[in-house]
Visitor: 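I am attaching a structure below and will ask some questions about it afterwards.
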Amino acid sequence: MNVKSYIQNAIQTTLKEILPEQNQGFDIDLTAPKQKDHGDLATNIALVLGSQSGRNPRQLASEIVNGMDLDPELVARVDIAGPGFINFTFSDSILYEGLKEIVLQQEAYGTADWGGNKKTQIEFVSANPTGPLTIGHGRQAVLGDTVARLLEATGHDVTREYYFNDAGRQMRVLADSVRLRYLEQLGMSVEFPDDYYQGDYIRDIARELAQRKGASLQDEAFKDDACFRESAEKAIFDDIRSTLERMGIHFDVYYNEKSLYETGKIDAVIKELRKRGLAYDQDGAVWLKATDLGLDQDRVIVKSTGEPTYRLPDLAYHRDKIDRGFDIIIDIFGADHIATYPDVLAGMRALGYDDSRVRVLIHQFVTLTEGREKIKMSTRKANFVTLDELMDEVGVDVTRYFFLNRSASAHLNFDLTLAKTQSDENPVYYIQYAHARICSILRHAEEQGYDTDLVGDPTLLTSEEELELIKILLDFPRVVSSAAEHLEPHRLPTYLENVATTYHRFQHAGKVDETLRVVSSNRETTQARLDLCRATRIVLANGLDILGISRPERM
RNA sequence: GCCCCAGUAGCUCAGUGGAUAGAGCAGCGGUUUCCUAAACCGUUGGUCGCAGGUUCAACUCCUGCCUGGGGUACCA
């Protein structure tokens with residue numbers, strides 16, 4: 001099954017004979033070369049050891065090659081190339097066995113169980129209910145959800161959680177923004193401050209309130225009535241939830257920061273920190289002694305006004321995550337929160353918790369442009385493009401793909417004009433089209449009387465296009481696992497584009513050369529090629545599922 | 001000032017210390033009586049921000065600098 005470790009062992013054994021003076025184990029790097037005429041796996045071991053021991057790398061390489069006794073059923077060729085690389089080329093029988101395996105495993109192909117069913121919590125979006133989700137939130141939403149899907153595919157027990165705060169200054173301003181718009185609805189003239197929420201959605205909420213409550217709230221006595229805040233929060237949260245559902249994102253838990261106060265978990269943290277001598281009072285505020293925890297300055301956790309800063313509830317929340325029994329805790333933050341997590345981690349260590357369970361994934365911001373014009377996004381100033389507007393324009397699949405196709409650590413340049421005008425050129429269609437094309441060919445084959453569930457003889461697949469396709473399909477499990485392990489979803493779209501290209505090339509070969517057509521007059525090769533089509537469909541379908549993107553059977 | 005991220009083709013971006021740095025889009029030129037032309041093939045396009053260093057080997061690691069973004073609050 002695992003040719004790689006087989007080869008690794010063979011090299012190891014041979015090296016012990018050739019270089020007995022180095023009796024410790026060798027660290028053998030064995031990776032797939034970029035260029036296909038360099039074989040399927042290559043090692044630089046002769047270069048590394050050659051320079052260490054002062055020997056000629058090419059000569060050392062040839063000693064290693066001559067000393068190895070590899071099964072020709074597994075490895076067809078071994079070459080020495082360039083300055084001393086050793087290139088291994090697999091025998092085709094490995095590919096044929098692998099292909100059968102894909103067709104047998106179906107939906108399970110690519111999944112893994114190394115997650116060990118570990119309880120994994122992933123927190124993301126976590127936008128406070130002050131306005132609709134924007135393109136800025138979209139990146140985090142899609143990133144978090146896809147990391148969750150990757151972890152599920154690799155055997156983790158995942159909980160998606162949305163943390164929010166519906167108290168504090170932000171919400172008071174929001175409530176008062178609604179109140180002023182409400183008064184406007186009643187025909188009163190009001191002065192609407194610049195730093196209040198300018199968005200039209202506030203007017204909508206106010207209009208609805210005016211219809212429901214009439215003029216009953218117009219008196220100054222109702223200035224701080226909870227009604228304004230509550231109606232705003234409900235309307236905005238309903239909107240956020242429906243946007244998320246539309247994107248295929250479902251949260252298991254919505255966690256209200258307020259509950260940390262109500263259950264006494266905030267006080268408990270302060271008490272515990274004081275007990276450990278890691279919190280102290282100064283200038284009327286409570287400080288976390290972060291300098292004792294390896295950070296460069298102490299931080300205020302309770303302001304002199306008596307209000308906690310964000311660090312305290314964050315700390316209590318993370319403590320709660322561990323207390324709820326999560327083995328792995330993943331936080332997805334935007335770049336603006338980059339400074340907060342060292343404090344949280346330090347606080348957790350201070351409380352005696354193991355902070356290595358926490359993994360933080362930081363993504364850079366989305367810069368929105370319209371043509372050359374840069375748009376500065378702000379919820380307060382109503383200067384934003386909502387996710388719903390984007391999805392109206394380009395659809396869910398393009399939206400998800402757009403955010404996923406780039407590494408989280410890179411800035412994302414979102415050109416609105418380009419997104420609209422080039423939506424048909426988006427690579428997501430390229431991948432989906434490959435899937436649809438396969439479905440079409442399988443339908444066609446069934447009409448010709450082929451049983452598409454029958455497993456044919458894979459050894460009939462010998463063209464370059466066919467072998468290339470099998471090889472790339474066999475990479476799929478490794479790509480899924482490494483994307484999950486590194487929390488890097490963008491590896492998957494990149495891979496799937498390559499699969500689609502390789503498939504299109506394979507099918508196109510039949511247009512040029514009649515004997516390479518999938519459904520041909522030869523029933524045996526047709527059956528084998530249909531298996532290859534099915535295997536490709538399985539990889540594309542499983543990959544698109546992990547990305548949360550639809551896989552159309554017709555386009 | 002200090003800290004984090006980024007800088008790769010005209011544009012948007014991939015790239016595991018390795019061999020001749022890739023893709024999509026845009027440009028140019030081809031391919032269809034056919035299982036989907038939403039495809040395929042060819043071609044144009046590069047000082048991998050700049051300068052040093054480590055290494056047999058650097059887009060990749062280290063140092064400094066430049067540019068852009070973010071942080072450095074008793075804001076979140």
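The chains referred to below are lettered A, B, ... by the order of the sequence lines, with proteins before strands, and numbering in each begins at 1.
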Visitor: Look at A:Arg478 and B:U16 and indicate whether a side-chain polar atom (N or O) is within less than 4.0 Å of OP1 or OP2.
Guide: no
Visitor: Is a donor-acceptor pair below 3.5 Å formed from side chain A:Tyr310 to base B:A76, judging by atom type as modelled?
Guide: yes
Visitor: Please give me every residue in residues 441-451 of chain A whose heavy atoms get under 4.0 Å of an atom in RNA chain B, ordered by residue number.
Guide: A:Ile441, A:His444
Visitor: Report the residue (A:Gln170 or A:Phe402) whose heavy-atom-nearest nucleotide on RNA chain B is the more 5′ of the two.
Guide: A:Phe402
Visitor: Specify the separation, in whole Å, of atom CD of A:Glu514 and atom C1' of B:U33.
Guide: 12 Å
Visitor: What nucleotide, of B:A38, B:U72, B:G71, holds the atom closest to the side chain of A:Gln297?
Guide: B:U72
Visitor: Looking across every strand, which nucleic acid part, if any, lies under 4.0 Å from A:Asp283 by heavy atom: base, sugar-phosphate, or nothing?
Guide: base
Visitor: Here's one to test your reading of the geometry: is the NZ or CZ of A:Arg77 within 45 degrees of the ring axis of A:Phe88 and under 6.0 Å from its centre?
Guide: no
Visitor: Please determine if a side-chain N or O atom of A:Ser407 lies less than 4.0 Å away from the OP1 or OP2 oxygen of B:A14.
Guide: yes
Visitor: Reckon A:Arg505 has a side-chain N or O less than 4.0 Å from the OP1 or OP2 of B:C41?
Guide: yes
Visitor: Considering only NZ, NE, NH1 and NH2 on the basic side and carboxylate oxygens on the acidic side, decide whether A:Glu123 and A:Lys321 come within less than 4.0 Å.
Guide: yes
Visitor: Taking atom CG of A:Asp513 as the centre, report whether more than 12 heavy atoms of other residues, nucleotides or ligands fall under 6.0 Å from it.
Guide: yes
Visitor: Any base atoms under 4.0 Å from A:Ile301, or only sugar-phosphate, or nothing? Heavy atoms, all strands.
Guide: nothing
Visitor: Using a 4.0 Å heavy-atom cut-off, write out nucleotides 18-23 of chain B from 5' to 3' as B (base contacted by protein), S (sugar-phosphate only) or - (no contact).
Guide: BBB---
Visitor: Quick one: label A:Ser440 by what it contacts on the DNA or RNA (base, sugar-phosphate, nothing), any heavy atom closer than 4.0 Å.
Guide: base
Visitor: Using the rule side chain to side chain donor-acceptor pair (under 3.5 Å), only one of A:Arg491, A:His486, A:His490 pairs with A:Glu488; which is it?
Guide: A:Arg491
Visitor: Given the P atoms of B:G30 and B:A57, what is the spacing between them in whole Å?
Guide: 47 Å
Visitor: Find which nucleotide of RNA chain B each of A:His508 and A:Ser520 is nearest to by heavy atoms, and output the residue with the more 5' nucleotide.
Guide: A:Ser520
Visitor: Please test A:Phe251 against A:Phe124 for ring pair (Phe, Tyr, Trp, His ring centres under 6.0 Å), starting from the C-alpha separation and ending with a verdict.
Guide: CA-CA 9 Å; A:Phe251 281 91; A:Phe124 59 110; 4.6 Å; yes
Visitor: Name each donor-acceptor pair under 3.5 Å that joins a side chain in residues 30-40 of chain A to protein atoms two or more places apart or in another chain, with its distance.
Guide:
from: A:Asp40; atom 1: OD1; to: A:Lys471; atom 2: NZ; distance (Å): 3.2
from: A:Asp40; atom 1: OD2; to: A:Phe90; atom 2: N; distance (Å): 2.7

Visitor: Distance check, rounded to the nearest 0.5 Å: A:Leu412 atom CG versus A:Arg139 atom CZ?
Guide: 4.5 Å
Visitor: With the side chain of A:Tyr430 defined as its heavy atoms from C-beta on, choose the nearest nucleotide among B:C74, B:G71, B:A39.
Guide: B:A39
Visitor: With a 4.0 Å cut-off on heavy atoms, is A:His337 in touch with a base, just the backbone sugar-phosphate, or nothing at all?
Guide: base
Visitor: Suppose you measure atom C1' in B:C56 against the same atom in B:U12; what distance do you get, rounded to whole Å?
Guide: 37 Å
Visitor: Is it true that a side-chain atom of A:Asp298 and a backbone atom of A:Thr291 form a donor plus acceptor pair closer than 3.5 Å?
Guide: yes
Visitor: Would you mind classifying the nucleic acid contact of A:Arg517 as base, sugar-phosphate or nothing, using non-hydrogen atoms under 4.0 angstrom?
Guide: base
Visitor: Under a cut-off of 3.5 Å for both distances of each Watson-Crick or G-U pair, what dot-bracket string does RNA chain B give, using [ ] for crossing pairs and | for inter-strand pairs?
Guide: (((((((..((((....[...)))).(((((.......))))).....(((((..]....))))))))))))....
Visitor: Under 4.0 Å, counting only non-hydrogen atoms across every strand here, what does A:Ala339 touch: a base, just sugar-phosphate, or nothing?
Guide: sugar-phosphate
Visitor: Within a reach of under 6.0 Å around CD of A:Glu524, are more than 12 heavy atoms found that belong to other residues, nucleotides or ligands?
Guide: no
Visitor: Using nucleotides 65-68 of chain B, report all nitrogen or oxygen pairs with the protein that are shorter than 3.5 Å.
Guide:
from: B:G68; atom 1: N2; to: A:His411; atom 2: NE2; distance (Å): 2.8

Visitor: Students often get this wrong, so: under 4.0 angstrom with heavy atoms, is A:Gly84 touching a base, only sugar-phosphate, or nothing?
Guide: nothing
Visitor: Are any of A:Asn413's side-chain N or O atoms less than 4.0 Å away from OP1 or OP2 of B:U12?
Guide: yes
Visitor: Roughly how many Å apart are B:G52 and B:G18, using the P atom of each and rounding to a whole number?
Guide: 23 Å
Visitor: Scan for ring-ring contact (aromatic ring centres under 6.0 Å, His included) pairs involving residues 502-538 of chain A, sequence neighbours excluded, and state none if there are none.
Guide: A:Tyr430-A:His504, A:Tyr433-A:His504, A:Tyr503-A:Phe506
Visitor: For A:Ala434, report the nucleic acid contact type (base, sugar-phosphate, nothing); a contact means any heavy atom under 4.0 Å.
Guide: nothing
Visitor: Expressed in whole Å, how much space separates the C1' atoms belonging to B:C65 and B:G24?
Guide: 34 Å
Visitor: Looking at A:Thr309 and B:C74, is any side-chain donor or acceptor paired with a base atom of the opposite kind under 3.5 Å?
Guide: no
